[in-house]
Every structure is written in structure tokens, then in C-alpha cells.
Amino acid sequence: MYENIIEIAKKFNIAPVNVYKCRYYYVLNCTNGAYSLSAARPKPSKINEIHKVKECLLDYGIHNIDNYCVTEEGLPYWEEDGKNYVVTRFFGSNELDFMNNTQVSAALNDIGRLHKGLKLMEEEMLSVASSNNAVISMYRSNGKALERIKKLLNQKGNKYWDKETLMIFGNIIDRCFELTEKLEKMDYGNVSTYCHCGLKEGNIIYKKGRTYIIDWDNMKYLNYIEDVAFFIRRYVRKNCFYGSKHNMKYMDIEEVLNKYSKYTSISSYDYDVLRVVLEYPHRFVNTMGEFFRTSKNFVPSGIKNKLNEIVEQREFMYNYISR
């Protein structure tokens, strides 16, 4: 049934006993363990770059990652019918549960361990990274998008929202510009390293008290604070915000950073930058951009609910990072 998948697996010197298909990948069960085979989104040059980073991390003893298997030619991918296939270890399908503080604590420990490795290899990998400040470039790019969104809100925003809501959106956009300017003044991103750029539940597998970080397709050369902030925003959204409404226990910002700092340090400067980055509403920027790209003269209920949630959570996030 999966003869073509078995043939591709053989290119990586893997002989599956059986194969079964998940949504985005195939699981190859072998006598020496299980592997995941999937079509990669990045181009071959990016796959090679990710492979080099993973190899360096393995050399530094970071093993909770889905390192690539290589072909007989030593390549981390195989091209077939216009697609680039990659094979990694399969750690299971138990995604991280953000409502489980034990699992979140384990993930924070392992993310800290990962970042320790990324910091150690920073100088070694600089040759393949951009010399530009990619972090500030990213925020400036957001600023250009926000300028367009602000203009559209002024032109036809009252077709979709009332004046009070438009004022709230306008204030959020103005705050984005202020936060970007603040980050520039703090010289944020001047020192950077590789980041996973997608530390969400689907990319973190929890198994027997350990977490494994998978799916590195979005890896970028930014600053590790972006990775930390991404994870914390997810934790606040998926746990803290709702936990506070139901008197459920959740970790405050100090507890979160203590867990993260078990294997790597976070300076007072980084802590100050992190507060600014956490306040920046990336989800609002992305949602508004998505809406105006697909606008059909009405507000889809999914986007409306998402924006309402974002506005409500902003106040909670501000209080969360200010304690």
C-alpha cells in the first residue's frame, strides 16, 4: 500500500516493518525503533542549514531534538517527484499539554538546555547567518503592515466594527510602534543566535517526563528571547488566562523563568527585553493582516472571536509580566 514510502525510506538505509499514515507524516516502524517520514517545507539549502545546526547540538549533548537521518550520499533529504523528503526519529504523538504545569515545567527545562547549546554554537555557525539585525527587521516589517492596516481601519473600519472597538485597535497599533522603538533603543537583536520559532504544543512531544522538540522548518537566526516569548505567550493563553478565571494554579513569570534558567542563564537586560517582547501583540498583527487579506465585507466569526480574545488577554498579559 505504501510501496513508494518504503522505497524512499530505503534511501535513508531504513527498512520499515510496517508503515502507517498520520495527518502530515508517515510513521516507519522498524526493528531498531520508529521514524517519521515527511515532505519538508523548506528548500534543500535550508534543510542543509537546519541539519548543520542539529548536528552541532548533538555534538554538545542536546539529544531531545528530531535530528535528520541521512542518505547514502550524506544528504539530510531525498528528492522525489518534486518533493524533498526528510526522515527523523519518531518520539510519539503526545503533544505538550499547556494546562499541565508538570509538563510545562519539563518543557521549560529542555528549552533552556536547548538554548544553552544554541548559545555555545553561536560563533561556530555565524558564517551561515545574516550579519543584519534580523530581529529589528522583523519588527519593522510588522510596522509597515500595521501602517497599511491603520489606513484601512480609517477608510473602511466602521463597516466591520463600532467606534469604541476601532479606538481600541488604533491604540494597540500605536503601542506596537512604541514597543518597536523601545526595542531599537535597547539594541535588541544585536546579539542573536538560531531560534526554533515555533515552540507550540504540536512541536513539543511529552514522553516519560521528558520533552522532545520537533519540526524545525521555521528555524531563523533571531534572538533566543523570541523563542522564550513565543512559549510564554502560548502558556499564558492556553493556561494562565483561563486558569485565573477558574481559580486554577498556574506559574507566574518568575516561576517560569526559574524553570527555564535551570540550564542556561537569563540576564537582567534579557529580562527587561523579554517584558517588552511579551507585551508586543504578534497575534493581533497576524490576525488583522489575515482579515484584510481575506475581507469580503464582513467579519468572519472566527476572526471576530480571536480579536475579542486578544483584546481581553492583553490586559492580563500586561499584569502577568508586571508582577
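Values reported hereafter were calculated over all heavy atoms of this structure, with side chains retained and with hydrogens, waters and symmetry mates removed.
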Following the transitive rule for hydrophobic clusters with a side-chain heavy-atom cut-off under 4.5 Å over Ile, Leu, Val, Met, Phe, Trp and Tyr, establish whether V135 and Y271 coincide in one cluster. yes
State plainly whether the residues E49 and K52 are in salt-bridge range, i.e. N to O under 4.0 Å. no
Could you tell me if K54 sits above the aromatic ring of Y68, with its cationic atom closer than 6.0 Å to the ring centre and no more than 45 degrees from the axis? yes
How close do G209 and Y206 get, counting heavy atoms only, and between which atoms? CA-OH, 3.4 Å
Output for pair (I204 CD1, L199 CG), nearest 0.5 Å, gives 5.0 Å
Stepwise salt bridge (Lys or Arg N to Asp or Glu O under 4.0 Å) check, E181 with K185: CA-CA 6 Å; E181 185 178 350; K185 288 181 178 178; 3.5 Å; yes
Side chain of D110, backbone of T211: donor and acceptor closer than 3.5 Å? yes
Lys/Arg cation over aromatic Y224: K119, 6.0 Å, 45° cone: yes
Going by atom types only, do Y260 and H115 share a side-chain donor-acceptor pair under 3.5 Å? yes
For L57 and L118, which heavy atoms make the closest approach, and how far apart are they? CD2-N, 3.7 Å
Do the side chains of K220 and C195 get nearer than 4.5 Å, heavy atoms only? no
If the threshold is 4.0 Å, N to carboxylate O, is there a salt bridge linking E7 and K10? yes
Under the rule for side-chain contact (heavy atoms from CB on, under 4.5 Å), what residues qualify as partners of N101, not counting sequence neighbours? Y235, N239, M251
Which atom names give the shortest non-hydrogen contact between L166 and L153, and what distance separates them? CD2-CD2, 3.8 Å
Just checking, is any N or O donor in the side chain of D162 or T165 under 3.5 Å from an acceptor N or O on the other one? yes
Do F291 and W161 have ring centroids that are under 6.0 Å from one another? yes
Search all heavy atoms of N13 against all heavy atoms of V70 and return the closest pair with its distance. ND2-O, 4.5 Å
Would you say Y188 and E226 are linked by a side-chain donor-acceptor pair, where the criterion is simply a distance under 3.5 Å? yes
Does M219 belong to the same Ile/Leu/Val/Met/Phe/Trp/Tyr cluster as Y212, with side-chain heavy atoms less than 4.5 Å apart forming each link? no
Do the two ring centres, one from F98 and one from F231, sit under 6.0 Å apart? yes
Here the pair of heavy atoms bringing Y320 nearest to D252 is OH-C, 3.3 Å
Are side-chain heavy atoms of W78 and F12 found at a separation under 4.5 Å? yes
Can D174 and K150 be counted as an ion pair, charged N to O under 4.0 angstrom? yes
Ion pair present between R41 and D217, side-chain N to carboxylate O less than 4.0 angstrom? yes
pair V311-I172: side-chain heavy atoms closer than 4.5 Å: yes
Would you say the side chains of S267 and D270 form a donor-acceptor pair under 3.5 Å? yes
For the pair E279 and R175, find out whether any cationic side-chain nitrogen is under 4.0 Å from an anionic carboxylate oxygen. yes
Does the side chain of K200 reach to within under 4.5 Å of the side chain of K238, using non-hydrogen atoms? no
How many angstroms lie between atom CD1 of I14 and atom CD1 of I8, to the nearest 0.5 angstrom? 12.0 Å
With V86 as reference, evaluate P76, S36, S38 under the side chain to side chain contact (heavy atoms under 4.5 Å, CB included) test and give the passing residue. S38
Extract all donor-acceptor atom pairs below 3.5 Å that involve side chains of residues 15-34 and protein atoms in other chains or at least two apart in sequence.
from: N18; atom 1: OD1; to: N29; atom 2: ND2; distance (Å): 2.8
from: N32; atom 1: ND2; to: Y35; atom 2: OH; distance (Å): 3.2

If the test is side chain to side chain contact (heavy atoms under 4.5 Å, CB included), which one of I225, L183, T180 qualifies with V276? L183
Verify whether the ring centers belonging to H282 and Y139 lie closer than 6.0 Å. yes
Is it the case that the side chain of N223 and the backbone of V191 share a donor-acceptor pair, with hydrogens and angles ignored and the cut-off at 3.5 Å? yes
Could you tell me whether E79 and K11 have a side-chain N and a carboxylate O separated by less than 4.0 Å? no
Co-membership, hydrophobic cluster, residues Y85 and V87, 4.5 Å side-chain: yes
Cluster check I214, L37: I/L/V/M/F/W/Y, side chain < 4.5 angstrom: no
Taking a hydrophobic cluster as the set of Ile, Leu, Val, Met, Phe, Trp and Tyr residues connected by side-chain heavy atoms closer than 4.5 Å, whether directly or through intermediates, do L179 and M186 fall within one such cluster? yes
